[in-house]
Amino acid sequence: MNNPSISPATEGDVVTLNQLVNSAYRGDSSRRGWTTEADLLGGIRTDEESLKAMLRNPLATILTYRMADQLLGCVYLEKKGDSLYLGMLTVSPDAQAGGIGKQLMAAAEEVARDWYCTTITMTVIPQRTELVAWYERRGYSATGETKPFPMDDPRFGMPKVPLSFIVLEKPVLS
């Protein structure tokens, strides 16, 4: 099967999801892609227990992108009122710039419509200017809201500089 597929993750995917997410965000492997956080954060991006908790949330899903049975991308989606929270958009560093992120974003918008959400929101570290610009090119805009980064929680990584989040939002079109 060489055709790409996007489908919900299961608990059987947790080990490979954990490897994928951490390889794309942190450490030397993440530097092969353009979305690394390695200069901003050390440690891990997620762990297996956190991923299992995400999968157990009845208001959430993790979509996976596979080609030839290889996990190349994922995105976490959670319904919060009439908004869909989008997080942990991940593409393997060796597969970035090939359109996988765009396909996962389109699938997220489908989920938002299916779940009757009026907006999609996300939080992004503002120092990641290339990533913020990528989201803006896809119709997201800053709301002006900021949120604190969990600076003392190793489950999210160990900050190398002071960090916060900005909130980006996009209306869901029918």
Side-chain angles (χ1 to χ4, degrees), residues 1-27 29-30 32-38 41 43-125 128 131 134-135 138 140 147 149-150 153-157 165 167-170 172:
M1 173 174 144
N2 288 328
N3 294 332
S5 66
I6 296 176
S7 61
T10 67
E11 285 214 21
D13 296 316
V14 165
V15 171
T16 53
L17 278 170
N18 188 47
Q19 292 167 348
L20 171 70
V21 172
N22 284 302
S23 75
Y25 282 91
R26 308 287 164 75
S29 64
S30 70
R32 293 193 308 264
W34 66 272
T35 62
T36 183
E37 294 177 340
L41 290 148
I44 61 170
R45 169 64 171 80
T46 193
D47 60 33
E48 291 180 15
E49 286 308 310
S50 296
L51 291 165
K52 287 177 185 176
M54 290 175 182
L55 289 172
R56 288 186 200 117
N57 181 344
L59 298 176
T61 190
I62 299 175
L63 296 181
T64 61
Y65 180 101
R66 288 182 171 80
M67 182 168 307
D69 292 327
Q70 184 179 5
L71 180 63
L72 296 176
C74 68
V75 64
Y76 175 72
L77 305 171
E78 181 178 353
K79 185 168 174 52
K80 294 184 175 190
D82 64 353
S83 186
L84 183 72
Y85 175 78
L86 184 152
M88 202 173 67
L89 178 64
T90 306
V91 176
S92 168
D94 297 323
Q96 290 180 11
I100 294 172
K102 290 177 191 172
Q103 291 177 59
L104 285 166
M105 295 293 285
E109 289 182 24
E110 270 186 54
V111 169
R113 285 189 289 276
D114 290 347
W115 291 358
Y116 302 103
C117 296
T118 58
T119 58
I120 301 175
T121 62
M122 67 178 72
T123 55
V124 182
I125 297 169
R128 300 187 65 200
L131 184 60
W134 189 85
Y135 287 127
R138 276 138 198 89
Y140 289 81
K147 294 189 176 195
F149 187 90
D153 190 339
R155 291 178 305 153
F156 299 97
F165 291 113
V167 178
L168 302 179
E169 184 175 87
K170 177 180 181 176
V172 175

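The side-chain hydrogen bond (donor to acceptor under 3.5 Å, both in side chains) check on Thr119 picks up Ser83, with sequence neighbours excluded. Every side chain to side chain contact (heavy atoms under 4.5 Å, CB included) that Phe149 has, sequence neighbours left out, goes to Leu41, Ile125, Met151, Phe156, Pro159, Leu163, Phe165. By the side-chain hydrogen bond (donor to acceptor under 3.5 Å, both in side chains) test, Arg32 pairs with Asp94, sequence neighbours left out. With sequence neighbours excluded, the residues forming a side-chain hydrogen bond (donor to acceptor under 3.5 Å, both in side chains) with Tyr85 are Thr123, listed by chain and number. By the salt bridge (Lys or Arg N to Asp or Glu O under 4.0 Å) test, Lys52 pairs with Glu49, sequence neighbours left out. Scored by the side chain to side chain contact (heavy atoms under 4.5 Å, CB included) test, Gln70 finds Leu72 as partners (sequence neighbours excluded). Every residue two or more places apart in sequence or in another chain that forms a side-chain hydrogen bond (donor to acceptor under 3.5 Å, both in side chains) with Arg128 is listed here: Glu37. Residues satisfying the side chain to side chain contact (heavy atoms under 4.5 Å, CB included) criterion with Thr118, sequence neighbours excluded, are Asp82. The side chain to side chain contact (heavy atoms under 4.5 Å, CB included) check on Ser50 picks up Thr46, Asp47, with sequence neighbours excluded.
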Table please: side-chain donor-acceptor pairs of residues 56-63 below 3.5 Å, with sequence neighbours left out.
| from | atom 1 | to | atom 2 | distance (Å) |
| --- | --- | --- | --- | --- |
| Arg56 | NE | Glu11 | OE2 | 3.4 |
| Asn57 | OD1 | Leu59 | N | 2.8 |
| Asn57 | ND2 | Glu78 | OE2 | 3.2 |

Let me have the donor-acceptor pairs involving side chains of residues 99-116, under 3.5 Å, with sequence neighbours excluded, atom names and distances please.
| from | atom 1 | to | atom 2 | distance (Å) |
| --- | --- | --- | --- | --- |
| Gln103 | NE2 | Gly99 | O | 3.4 |
| Glu109 | OE2 | Lys170 | NZ | 2.6 |
| Arg113 | NH1 | Leu173 | O | 3.2 |

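Looking only at side-chain heavy atoms (C-beta outward), Tyr76 and Val21 stay at 4.5 Å or farther from each other.
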